[in-house]
Amino acid sequence: MSQFTNEDEALLQSMLRQLLQSVKEKITGAPSVECAEEILLHLEETDENFHNYEFVKYLRQYINNTLGSVIEEESEKCTSIQNQTEVSGYDTLVQHVTKKTRESKQYREMMHALKNVMMVVVESLINKFEEDRMCNKELDSKTKKKCQSDYYTDNYSDSDSSFNQSYTFMSQEQLQLLVEKLDPIQPKEVRQEALQMLCLAPPSDVLNSECWPNLRKHLMMSLSDPDAIFSEKVLRFYAKTFSSSPFNMTREVYTSLAQHLELYFLSGEYSLRISSGLDVSNADVNHILKKVRLLNEYQKEAPSSWIRYPEKYMEEVVESTLSLLSVKHDPNHPASPDFLSPICFLALLDIKAVWFKKWTHAHYSRTVILRLLEKKYKSLINAAVQQCFDYFEFCKAAVGKTSRVNDFSQQHSCNEQKFFYTGSDLQYICFVHSLCLLGRLLIYKQGRNLFPVQLKNKKDCVSLTDLLVLFTQLIYYSPSYSKEALTAHTDSYSPASLVMEILQVFCDQTGCAADCLYTDEVMDALLDPLQSLLNGTEVYINCPETTLIDLADILARIAAAEDGLSVLLYGGNKNCAKENSPTAVHVIVQFTKKLLHDDISLLSGSELLQVVKGAFIFVCRQMYRTCEGLQMLIPYGLHESIGEAWKKASLLSERATGADSTSSISLDSKNILLWEETLLDALLNFSATPKGLFLLHSTGAMSDCVSFMFNSLSKKHQQTNEREEFGNGVIVAQMATTPAAAVALQSSGFIKAFVAELWALLECGKDDVRITQPKSTPVDAIDQSCQKSFLYLINLLTYPAVFELLSKQDIPNKPMYSHREVPTDIINIIDRIIILNSEAKIHSLFNYEQSHVFGLRLLNVLCCELDTLLLLETQYKVSEVLLTAQKENVTEASEGPGEFIIDSLSVERNHILVRINLIGGPRERILPLRALDKGNDPYPWPMFSSFPLPKCYLAEAPRKDDFGQDKDLDKLLSILQNPEEQTEWAEICRRQFCKIMKTRPDIISGAILAELIEKFVLRLSESRSNCYFSKGRYEATDADMKKESLSSVQQLGIEMTVRYGKYLNLLKEHAENELCFVLLNCEQFLKQQQRTVVSSLRCLQGRYAGYDWFASSVFLIMSGDGEKTLTFLQQFSHLLVSAFLWIPRLHMSMHLPITTVESGIHPVYFCSAHYIEMLLKAELPLVFAAFHMSAFTPSQICLQWITQCFWNYMDWSEICHYIATCIFLGPDYQVYMCISVFRHLQQDILKHTEAQDLQVFLKEEALHGFRVSDYLEYMESLELIYRPALMKDMRNIKVQNT
């Protein structure tokens, strides 16, 4: 059926006519021919009856008959070939068959035949249409005239006016005739008739015609026709063209309209002045506004389509607009300053410059606009800046007057129609438009590059900073309005609200904020009202409460950004602070304190006083949430002021709730409760940093803050009914590192709720949803749904928290457990999923294997903290439980013991048993993997069910190297032998020590190391100036020793230490007795310097809660010599460095303030760990960000490292270098050491942050490849920058609330 007969042609013509009639409504409703074509091309997608049309059925049958055999043949070829999934680059069989079919001879012949027949059919239809049209010409003409009168009654700019009407298609000759009739020299009646016919023609045909240039001229002249009706009809044609034609055509119409307006404003007939006001009901004014409105509507719509066309089209529109808006009188003209320019009319219609916002939104158009502004139309920017300065001068002149400066912004918010605008109204409208335009312009770098600008009435150029200072001053110099007016209208046009919108956007844009806001001049402008109120000088602020709230909002946004915070803390130029001028932070915190003490007379009695207080507390909060910000705020005691305010508010709320207990809570009571919550929230945020948490404890509000945090979380959970991350992870991680906060988390119900939430994920909740909707079987050791809870639990269970929550707590070990029995605290979690030592526990779990693996993984992480390991081992015999489980997990054998069953649980238990029974760094012990290998031997690691461990887990013991003579070492020993012969001997020793560490670090070990630190500490302790702690004499007697006995934790610690020492070949037999002697004497010696404390904290109810890892390290360095160790420790205890290296040294020490002792927080946490976080943010911002994203804190892991002297994390040689470095170079090197470790781990930290297991990695993994000597130079560079501040704080640990 490749050829068509005459009958086929007639049939096709009939079917095609039927199709066109069916879609007639869609085609006639199209705004242009191009749109009609698009409708037909996509008819199958839009018409549900498409496949029912006879024309479509005919074509489908014709294609099937012609190509059916080709398609079948190709399909058979493809399916017969095996693995033929990709043929000729195509992915599917269908695509391949389609391609082959289209390449076939039959397809080409079919398309050729179809084209020929359809050309004949379409030509016949067109001829038939022309005949019908000529016959009905008169009837059509009458109908069109009637329709015209209906169309012209609509508003000219309504886009609907161009739709739903018929078009008259015209030839070029007919259009040429219309152009001639529209010539202004023709009679009025002829021109009107021609215009009516023109309105009926498709706009696309008119704009594409050859006669358009002439028609454009005639239409431009017609817009100025004295006959208003006629010119308005021309405007209607423009409006219809805008709404129904593509951008490449409408740009011609737009530029002609803009050019017409430009000529009109420059003509002598235009004479409107700003001072005379503007009556919009006047016909001439109304006509101008209609033209400008049409332009403005097009300005807002054009950006959505102009990117699809050549840039020159868009540039024509932009340039014609800027040219129009730049129109002004000759400067020498007497009325020039009073000229009512085109931009004033545009501002009336688009007061917030939405058109400019849309034009600059995309880079495509923004580049062109800003380039033109810079090269040709900078006068527009100058005029906008001038408007802002003029209005500001007007406001300043009106300060102190009782009348309002301008009521327009309030009137504009009302719904009443306004017909007359006074001169001041017009000036204000132009000012708002200019302000919004400039606000948008300054967002972009190229826009900011347009500054400085030169104004006529100013000698100096106006810089970007000058303009921002002006914006800031507008906030507090702008007119004031009643509170009702300010709260009733959200879309306010007051200068303050407009400037606030602009500055808020600036704060969110990093580059913009840096260029515009982060300068000393802008900061001074923001702080000027605060400084005046602090100094008690006269200050002119309109509506002081709202102004101060606005200023606080901007300051808080600035403080939220890193660079902004730096400006507030150190000034715009960090390296060159202004003399005798405090930085912003000092002004803000002083003002906040005055507010809290109700010491601002201007605000006394104000209803919004508490809102103002809350706003400025929030600014301070943004700063003290960071380590560097808190350091600046500490001298002001802001935490004490907020704490006092909270205590007062707490008393008031108790009275208020008591008084309102019988009835609904009054508004005053609600305000008091809200104020109390604001203060608690402010106090809670102190706990974001180690030192801040220490300060929070001193306020006595710890428990209340934790309860507030938990209650807020509970309310949010009830409202959203979603499982979100349980609380603020960083704050909880900080709190868990201190005993008092851990107890508060327990007593508030926080831990109970978290445990219940965890149990719902692991096993089941209180509802039955999980029974009817079972979870999918996990494929990971810890299911993804439980991962966050697992990490959260790790954050929570630091040793201080574990000791407070578990010390002297027995495992329940019930004979029976219900399936619905939900654990309530940590001891229950240990009982139910870690220590599964009974059938009852196993049978009580729905998901035994998954839950137990979760528990074992948790146990593995907890045991990485050696003090926690000792506690769990002594209280719950963890090793024994695990060995028993391994012993029972064997196959049955007829003879001898069975083989261990290798499953997920036995692999986990094997790993934990090796970890908890071996001490050593990365090269000193071998931990079995927890994954199976491929092949015949999936798990090559030997399992065991009794001690000792298989030897394969013990790495080869390090050899004792014999070092030859070293002149640098000899020199160092010589200086230490006779220090009095050298002036500044200590500094010389330090330099010599550094030299040896950089060249031959391995020589500083064994007996040499012992001699070095022994002599160096002896010489330092002999000098009173080097002794930070007072000297005391101590001699242990046998009687004293008999009274004391070591705790089970200490005994187990001694066993582990001796086992490690023997592995290192440092200890001999009977070393346990020597170490026992050392620990008992140390405890007795330190007890003489302890104070009596009455506290509910378990860690303060007797001896030091953990094991003395530092004393044990020194014992190993001294090769097990108890006398030498004890002597060294006694001398060492006088030095400041002992406070930070030897953790038990300051346990309940009389050398610390009583509040510090009662808090149970060690100086290593609130001093060393605080500075570690501070330096980490400055030196390794990516690592700091990784911690923040993981809801983990550097202080927690560093406290763990430091407490156990890096045991299990470093090899013994590196531990010795760590201790020696801190002793020789100073306690601040403890901080630099941790920063060096983080630098070494940076790539791993980033990788594990992405994998969402950073906490697990840092706690479980040893520091592979880290050598102290490799980072000594880096640490020295840190010392040069940070030592003064760090050492000052370290020396101040004796001072109250440091």
Side-chain angles (χ1 to χ4, degrees), residues 627-628 630-635 689-695 697-698 737-738 986-987 990 1013 1016-1017 1020-1021 1023-1031 1086 1089 1110 1129 1131-1153 1155-1157 1159-1179 1194-1195 1198-1199 1201-1203 1205-1206 1218-1237 1275-1298:
C627 295
E628 64 272 28
L630 184 66
Q631 285 298 114
M632 302 290 275
L633 267 66
I634 283 175
T689 64
K691 188 170 288 188
L693 183 58
F694 175 63
L695 296 176
H697 186 275
S698 69
T737 319
T738 63
E987 188 58 37
R990 291 184 180 110
I1013 63 172
F1016 185 73
V1017 168
L1020 284 177
S1021 62
S1023 169
R1024 185 172 295 275
S1025 61
N1026 290 317
C1027 291
Y1028 181 78
F1029 298 107
S1030 57
K1031 287 189 174 185
L1086 294 176
Q1089 302 176 44
F1110 178 76
L1129 289 173
Q1131 294 165 352
F1132 181 70
S1133 67
H1134 304 316
L1135 307 179
L1136 175 62
V1137 68
S1138 68
F1140 297 93
L1141 279 185
W1142 191 10
I1143 303 300
R1145 168 74 182 87
L1146 292 181
H1147 176 61
M1148 297 196 300
S1149 174
M1150 63 175 60
H1151 301 294
L1152 297 176
T1155 53
T1156 303
V1157 174
S1159 71
I1161 302 175
H1162 198 280
V1164 166
Y1165 178 70
F1166 67 75
C1167 190
S1168 293
H1170 179 82
Y1171 273 95
I1172 288 168
E1173 292 200 1
M1174 184 171 164
L1175 269 65
L1176 188 65
K1177 185 178 178 182
E1179 297 294 324
S1195 57
C1198 288
L1199 187 64
W1201 289 339
I1202 292 166
T1203 301
C1205 289
F1206 287 96
Y1218 158 68
I1219 293 172
T1221 300
C1222 292
I1223 290 175
F1224 270 93
L1225 303 182
D1228 52 330
Y1229 269 75
Q1230 182 181 71
V1231 174
Y1232 312 145
M1233 185 75 66
C1234 291
I1235 298 297
S1236 300
V1237 170
M1275 288 188 261
E1276 286 176 324
S1277 69
L1278 294 177
E1279 177 197 342
L1280 292 174
I1281 304 171
Y1282 300 107
R1283 166 161 275 189
L1286 225 172
M1287 290 302 294
K1288 179 183 176 183
D1289 258 22
M1290 286 183 160
R1291 290 191 181 99
N1292 282 340
I1293 58 173
K1294 291 181 180 180
V1295 182
Q1296 193 83 9
N1297 290 345
T1298 56

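The basis for the numbers below is simple: all heavy atoms, side chains too, and nothing from hydrogens, waters or symmetry mates.
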Novice: If I compare all heavy atoms of Ala1139 with all of His1162, which pair ends up nearest, and what's the gap?
Specialist: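 What the structure gives for the nearest pair is O-CE1, 3.1 Å.
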Novice: Give the C-alpha distance, both sets of side-chain angles, the deciding distance and a yes or no for side chain to side chain contact (heavy atoms under 4.5 Å, CB included) between Val1237 and Trp1201.
Specialist: CA-CA 11 Å; Val1237 170; Trp1201 289 339; 3.6 Å; yes
Novice: Find the distance between OG (Ser1195) and NZ (Lys691) and round it off to the nearest 0.5 Å.
Specialist: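 These two atoms lie 13.0 Å from each other.
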Novice: Any side-chain heavy-atom pair from Ile1235 and Leu1176 closer than 4.5 angstrom?
Specialist: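 They are in contact (side-chain heavy atoms under 4.5 Å apart), so the answer is yes.
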Novice: How close do Val1137 and Cys1222 get, heavy atom to heavy atom, and via which atoms?
Specialist: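 That would be CG2-O, 3.5 Å.
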Novice: Within this structure, what is the CG-CZ distance for the pair Leu1135 and Phe1132, rounded to the nearest 0.5 Å?
Specialist: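 CZ of Phe1132 is found 6.5 Å from CG of Leu1135.
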Novice: Could you measure the distance from the CG atom of Leu1225 to the CE atom of Met1233? Nearest 0.5 Å is fine.
Specialist: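 That separation rounds to 8.5 Å.
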Novice: Where is the tightest heavy-atom contact between Ser1138 and Ser1133, given as atom of each residue plus distance?
Specialist: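 Looks like OG-O, 3.4 Å.
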Novice: When Phe1140 is tested against each of Asp1228, Val1231, Ile1293 for side-chain contact (heavy atoms from CB on, under 4.5 Å), which residue passes?
Specialist: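 Per the side-chain contact (heavy atoms from CB on, under 4.5 Å) rule, the option paired with Phe1140 is Ile1293, out of Asp1228, Val1231, Ile1293.
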Novice: Could you measure the distance from the NZ atom of Lys1177 to the OG1 atom of Thr689? Nearest 0.5 Å is fine.
Specialist: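 With rounding to 0.5 Å, NZ (Lys1177) is 10.5 Å from OG1 (Thr689).
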Novice: Under the side chain to side chain contact (heavy atoms under 4.5 Å, CB included) rule, what do Tyr1028 and Lys1294 come out as? Steps first, then yes or no, please.
Specialist: CA-CA 10 Å; Tyr1028 181 78; Lys1294 291 181 180 180; 3.1 Å; yes
Novice: Flag this pair as yes if the NZ/CZ of Arg1145 is under 6.0 angstrom from the six-membered ring centre of Phe1110 and inside a 45 degree cone about the axis; otherwise no.
Specialist: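 Judged by the rule, Arg1145 and Phe1110 form no cation-pi pair.
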Novice: I'd like to know if the side chain of His1151 and the backbone of Phe1029 have a donor-acceptor N/O pair within less than 3.5 Å.
Specialist: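 No; zero donor-acceptor contacts below 3.5 Å.
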Novice: Let me confirm one number: the NE2-CD distance from His1147 to Gln1089, rounded to the nearest 0.5 Å.
Specialist: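 His1147 NE2 to Gln1089 CD: 13.0 Å, rounded to 0.5 Å.
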Novice: Show your reasoning for whether side chain to side chain contact (heavy atoms under 4.5 Å, CB included) applies to Thr738 and His697.
Specialist: CA-CA 10 Å; Thr738 63; His697 186 275; over 6 Å; no
Novice: Determine whether the aromatic ring centres of Tyr1165 and Phe694 lie less than 6.0 Å apart.
Specialist: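 No, they do not, as the ring centres are separated by 6.0 Å or more.
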Novice: Within a strict 4.5 Å, meaning less than it, do heavy atoms of the Pro690 and Leu1199 side chains meet?
Specialist: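 Result no, sub-4.5 Å side-chain heavy-atom pair not found.
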Novice: What's the shortest heavy-atom distance between Gln1230 and Ser1168, and which atoms?
Specialist: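 Minimum heavy-atom contact is OE1-OG, 2.9 Å.
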